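Taking it in order: structure first as structure tokens, then the write-up.
All values derive from a computational prediction rather than experimental measurement. Just the heavy atoms: all of them, side chains too, but no hydrogens, waters or symmetry mates, feed the values below. In what follows, chains carry the letters A, B, and so on, assigned in the order in which the sequence lines appear, proteins first and then strands, with residues in each chain numbered from 1.
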Number of protein chains: 2
Amino acid sequence: MARKYIDNPNTCSLVHTMNIIGNKWKPIILYLLSSGSIRFGMLNTLIPTISKKVLTNQLKELENDGLLLRQSFAEIPPRVEYSLTEKAVGLLPALRMLSDWANEAYPEMKFEECRIVEKEKSAYNNILKK
Amino acid sequence: MARKYIDNPNTCSLVHTMNIIGNKWKPIILYLLSSGSIRFGMLNTLIPTISKKVLTNQLKELENDGLLLRQSFAEIPPRVEYSLTEKAVGLLPALRMLSDWANEAYPEMKFEECRIVEKEKSAYNNILKK
DNA sequence: AATAGTGGTAACTAAAAAGTAACTAATGGC
DNA sequence: GCCATTAGTTACTTTTTAGTTACCACTATT
């Protein structure tokens, strides 16, 4: 007999959600994509501390879980754009609540270490303008 | 200069939230405790697949992050009860949204594998009755 | 005198995740 | 002919996380 988690009616689906997005990078990726599609290389620039290998991996997993759409253009050099699916868009309000919670619960942090260098900043602004 | 994450105003606090609760066990622990305080051994029974060491560890981290209150009673055999802090209670609505999202986004799953053996079930019911 | 019950800890091993550096294919431009 | 560009992949190492087993302290019960 399968012994998994207690069947508190919501625990199990919560576990599932955490399996899908509960790690270091995925919420960031989803949040960045919430303002439109972004290319692979640009994601790599926007998240300067992630390695290509891990980024590739996270994107693949998100795609497999139905949260990302991967569009590959037959160009040289190659172009691949990632965007959110409807499923992922439905997740954004919950992610927003989680970040609001952190702001409220840890006001002393102010998350001031989250500055970025100008290179990434202007790259990101270009994304938004597009 | 610190290179961290893009300063999309919410990305950073979201990262912080995920650092605190974004793993396999913590959301389960928080959800179980949402109906009242529970003893260490009972948590271990309610989450049959966690090891004592990992449970201890998760509880400590949650306590350090201000989400759990640990009450140790001077009895023999020892009794230690864990309960949610206000901070943690403020997180519950967001967790609820995450689990609702999974139910909607993956209706085909129905999370039917989440049955538990009778032993844990009755233990959990006793908790709820208390 | 031995055992059960509770909430752990310590030492060790195994597995998973992440990081690093070099490499690739195809084409356009110099 | 050579370099740059993009979106990866491969092989390898390091770090992090999780799991296992044995053990402890203290008392009541058998």
Side-chain angles (χ1 to χ4, degrees), chain A residues 2-5 15 18-29 32-33 37-65 68-83 119-120 123 126-127 130, chain B residues 2-5 15 18-29 32-33 37-65 68-83 119-120 123 126-127 130:
Chain A
R3 275 163 61 104
K4 290 219 166 175
Y5 308 115
V15 170
M18 281 302 163
N19 285 340
I20 292 175
I21 59 146
N23 77 356
K24 195 174 169 186
W25 305 114
K26 288 179 184 173
I28 305 178
I29 294 170
L32 288 174
L33 290 174
S37 69
I38 305 184
R39 295 178 63 170
F40 179 88
M42 184 54 71
L43 281 171
N44 209 174
T45 304
L46 293 174
I47 312 172
T49 48
I50 201 173
S51 71
K52 261 180 171 185
K53 193 195 95 177
V54 174
L55 179 56
T56 304
N57 214 31
Q58 304 290 300
L59 291 171
K60 259 185 205 156
E61 287 181 13
L62 286 170
E63 197 195 350
N64 286 340
D65 287 324
L68 291 193
L69 198 70
R70 181 181 178 278
Q71 273 185 288
S72 173
F73 297 87
E75 299 174 5
I76 296 291
R79 178 158 64 103
V80 178
E81 298 200 345
Y82 291 91
S83 56
K119 181 177 149 224
E120 284 99 26
N126 286 339
I127 291 286
K130 213 181 48 179
Chain B
R3 275 163 60 104
K4 290 220 166 175
Y5 307 114
V15 170
M18 282 302 165
N19 284 340
I20 293 175
I21 59 146
N23 76 356
K24 194 174 168 185
W25 305 113
K26 288 179 185 173
I28 305 177
I29 293 170
L32 287 175
L33 290 174
S37 69
I38 304 185
R39 296 178 65 169
F40 178 87
M42 185 54 72
L43 281 171
N44 209 172
T45 304
L46 293 173
I47 312 172
T49 49
I50 201 173
S51 70
K52 260 179 170 185
K53 191 196 98 180
V54 173
L55 179 56
T56 304
N57 214 33
Q58 304 289 301
L59 291 171
K60 259 186 204 154
E61 287 181 15
L62 286 170
E63 197 194 351
N64 286 341
D65 288 323
L68 290 194
L69 198 70
R70 181 180 180 280
Q71 274 185 288
S72 173
F73 298 85
E75 299 174 4
I76 297 291
R79 177 160 64 105
V80 177
E81 298 200 346
Y82 291 89
S83 56
K119 180 178 151 221
E120 284 97 25
N126 286 339
I127 292 286
K130 211 181 51 181

Discussion item. Ignoring hydrogens, what is the shortest heavy-atom contact between B:I21 and A:M18? Give both atom names and the distance.
Written reply: CD1-CE, 3.9 Å
Item to complete: Could you work out which one of D:dC26, D:dG19, D:dG8 sits closest to the side chain of B:I76?
Response: D:dC26
Worksheet item: How many Å lie between CG on A:N19 and P on D:dA18, as a whole number?
Response: 12 Å
Practice prompt. Would you kindly give the CE-to-P distance between A:M42 and D:dT5, to the nearest whole Å?
Written response: 14 Å
Fill in: Residues that B:R79 engages under salt bridge (charged side-chain N to carboxylate O under 4.0 Å, His left out), provided they are two or more places apart
B:E75, B:E81
Response to the item:
Side-chain atoms of A:P77 come closest, of C:dT9, D:dT6, C:dA18, to D:dT6
Discussion item. Rounding to an integer number of Å, can you tell me how far B:K52 NZ sits from C:dT9 P?
Written reply: 10 Å
Item to complete: Select base, sugar-phosphate, or nothing to describe what A:F73 touches, counting heavy atoms under 4.0 Å on all strands.
Response: nothing
Worksheet item: So, do B:I50 and B:K24 sit near enough that their side-chain heavy atoms are less than 4.5 Å apart?
Response: no
Worksheet entry | N or O in side chain of A:K60 less than 4.0 angstrom from D:dT9 OP1/OP2 | yes
Practice prompt. Nearest whole angstrom, please: distance from the P of D:dT9 to the CG of A:L59.
Written response: 11 Å
Discussion item. How many whole angstroms separate atom CD of A:E81 from atom C1' of D:dA7?
Written reply: 13 Å
Discussion item. Less than 4.0 angstrom between a side-chain N/O of B:K26 and OP1 or OP2 of D:dT17, yes or no?
Written reply: no
Worksheet entry | Nearest listed nucleotide, side chain of A:S51, among C:dT20, D:dG8, C:dG8 | C:dT20
Worksheet, complete the sentence: Looking only at heavy atoms, the pair that brings A:Q58 and A:N23 closest together is OE1-ND2, 2.8 Å
Worksheet item: Under 4.0 Å between a side-chain N/O of A:Q58 and OP1 or OP2 of C:dA18, yes or no?
Response: yes
Worksheet item: Over how many whole Å does the gap from A:L55 atom CG to D:dT9 atom C1' extend?
Response: 14 Å
Discussion item. So if I take every side-chain heavy atom of B:V80 and compare against C:dG8, D:dT6, D:dG19, which nucleotide ends up nearest?
Written reply: C:dG8
Worksheet item: Between B:R70 and C:dG8, is there a side-chain N or O to OP1/OP2 distance below 4.0 Å?
Response: yes
Fill in: Residue whose nearest DNA chain C nucleotide is more 5′ - B:Y82 or A:V54
B:Y82
Fill in: Nucleotide C:dA21, atom P - distance to CG of A:N44 in whole Å
15 Å
Discussion item. Using OP1 and OP2 only, check whether a side-chain N or O of A:R79 sits under 4.0 Å from D:dA7.
Written reply: no
Fill in: Length of the line joining B:N57:CG and C:dA10:C1', which is rounded to integer Å
13 Å
Worksheet item: Do A:T49 and A:W25 come close enough that some side-chain heavy atom pair is under 4.5 Å?
Response: yes
Discussion item. Side chain of B:K53 only, heavy atoms from C-beta on: which candidate in D:dG8, D:dA18, D:dC12 is closest?
Written reply: D:dA18
